[in-house]
Amino acid sequence: MTPPPVLEPVHRPEDGELVGHLAVADDDAGWTAHAVFGVPLRAFPTREEAESFLRARGLALLADRWTYTPEDGEPRSAWLVEARPGAVVVRFGYDPASVPLEGAELARLTPA
């Protein structure tokens with residue numbers, strides 16, 4: 001089993017807000033930008049490009065639609081209600097109920 005990547009937090013310089021995390025890419029050929037809650041977003045050839053992406057788009061991506069694919073079902077549209085390192089709370093479609101996701105469930109969540 002491959003160990004999880006070591007995530008390095010990235011903060012906005014002006015206010016210290018966490019905007020995401022950086023990790024060395026799986027193939028050691030670049031860097032991967034991760035959302036605040038740890039899901040991989042995009043790979044970049046350099047650390048500087050990944051960090052710049054997170055500072056420009058890291059928090060804005062949290063407001064976009066995401067896709068959740070349960071282990072035994074069809075993909076579902078999801079909106080993030082709350083995000084923090086290691087966990088999120090989502091809503092599916094027009095259902096007003098909120099559902100917490102953490103651990104292995106986070107890997108089933110991808111930007112739409």
Side-chain angles (χ1 to χ4, degrees):
M1 188 162 121
T2 305
V6 175
L7 299 179
E8 179 183 330
V10 175
H11 299 271
R12 276 193 308 224
E14 57 270 12
D15 63 4
E17 179 78 25
L18 178 67
V19 296
H21 296 86
L22 294 177
V24 174
D26 290 339
D27 59 6
D28 291 330
W31 291 81
T32 303
H34 291 253
V36 168
F37 51 94
V39 169
L41 297 170
R42 278 184 55 191
F44 294 89
T46 68
R47 175 190 165 83
E48 291 76 22
E49 289 173 294
E51 191 170 345
S52 177
F53 169 78
L54 286 174
R55 289 205 168 119
R57 295 279 304 138
L59 293 180
L61 286 170
L62 300 179
D64 290 347
R65 184 170 51 106
W66 291 67
T67 301
Y68 176 76
T69 306
E71 187 173 32
D72 58 352
E74 293 292 317
R76 303 172 69 185
S77 289
W79 283 264
L80 306 183
V81 175
E82 178 184 329
R84 62 184 184 281
V88 295
V89 176
V90 300
R91 286 196 175 135
F92 297 112
Y94 295 104
D95 186 350
S98 297
V99 178
L101 301 175
E102 57 186 24
E105 291 296 305
L106 291 177
R108 300 180 190 291
L109 195 60
T110 56

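Basis for what follows: all heavy atoms, side chains included, without hydrogens, waters or symmetry-related copies. Note that the numbering runs from 1 along the sequence shown for the chain.
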Pair L80, L109 - check side chain to side chain contact (heavy atoms under 4.5 Å, CB included), show working. CA-CA 10 Å; L80 306 183; L109 195 60; 3.9 Å; yes

Q.
For E71, is the CD atom crowded, meaning more than 12 foreign heavy atoms sit under 6.0 Å from it?
A. no

Roughly how far, to the nearest 0.5 Å, is the [atom2] atom of [Y] from the [atom1] atom of [X]?
X   : Y    : atom1 : atom2 : answer
R57 : L59  : CZ    : CG    : 10.5 Å
F37 : L101 : CZ    : CG    : 9.0 Å
R76 : T69  : CZ    : OG1   : 10.5 Å
L61 : R42  : CG    : CZ    : 9.5 Å
T32 : H21  : OG1   : NE2   : 13.5 Å
Y68 : F92  : OH    : CZ    : 6.0 Å

Taking all atoms of both residues into account, what is the closest heavy-atom pair of [X] and [Y], and its distance?
X   : Y    : answer
G86 : E102 : O-CB, 3.5 Å
P70 : E74  : CD-O, 3.4 Å
P85 : L18  : CG-CD2, 3.8 Å
L7  : P9   : O-CD, 3.8 Å
F44 : A33  : CE1-CB, 4.0 Å
L22 : R47  : CD1-NH1, 3.7 Å

Across all chains, not counting sequence neighbours, the salt bridge (charged side-chain N to carboxylate O under 4.0 Å, His left out) partners of E17 are none

Within the structure provided, determine whether P5 and H34 are in side-chain contact (heavy-atom separation under 4.5 Å). yes

| message | Would R91 and W79 count as a cation-pi pair here, with the cationic atom under 6.0 angstrom from the ring centre and within 45° of the axis? | response | no

Side-chain heavy atoms under 4.5 angstrom apart, residues restricted to Ile, Leu, Val, Met, Phe, Trp, Tyr: same cluster for V24 and L54?
yes

query = Hey, any chance L41 and L106 share a hydrophobic cluster, counting ILVMFWY side chains that come within less than 4.5 Å of each other, even indirectly?
reply = yes

Requested in this report: Determine yes or no for a side-chain-to-main-chain donor-acceptor pair under 3.5 angstrom, with W31 supplying the side chain and E48 the backbone.
Outcome: no

Derivation of the side chain to side chain contact (heavy atoms under 4.5 Å, CB included) call for V88 and L62
CA-CA 10 Å; V88 295; L62 300 179; over 6 Å; no

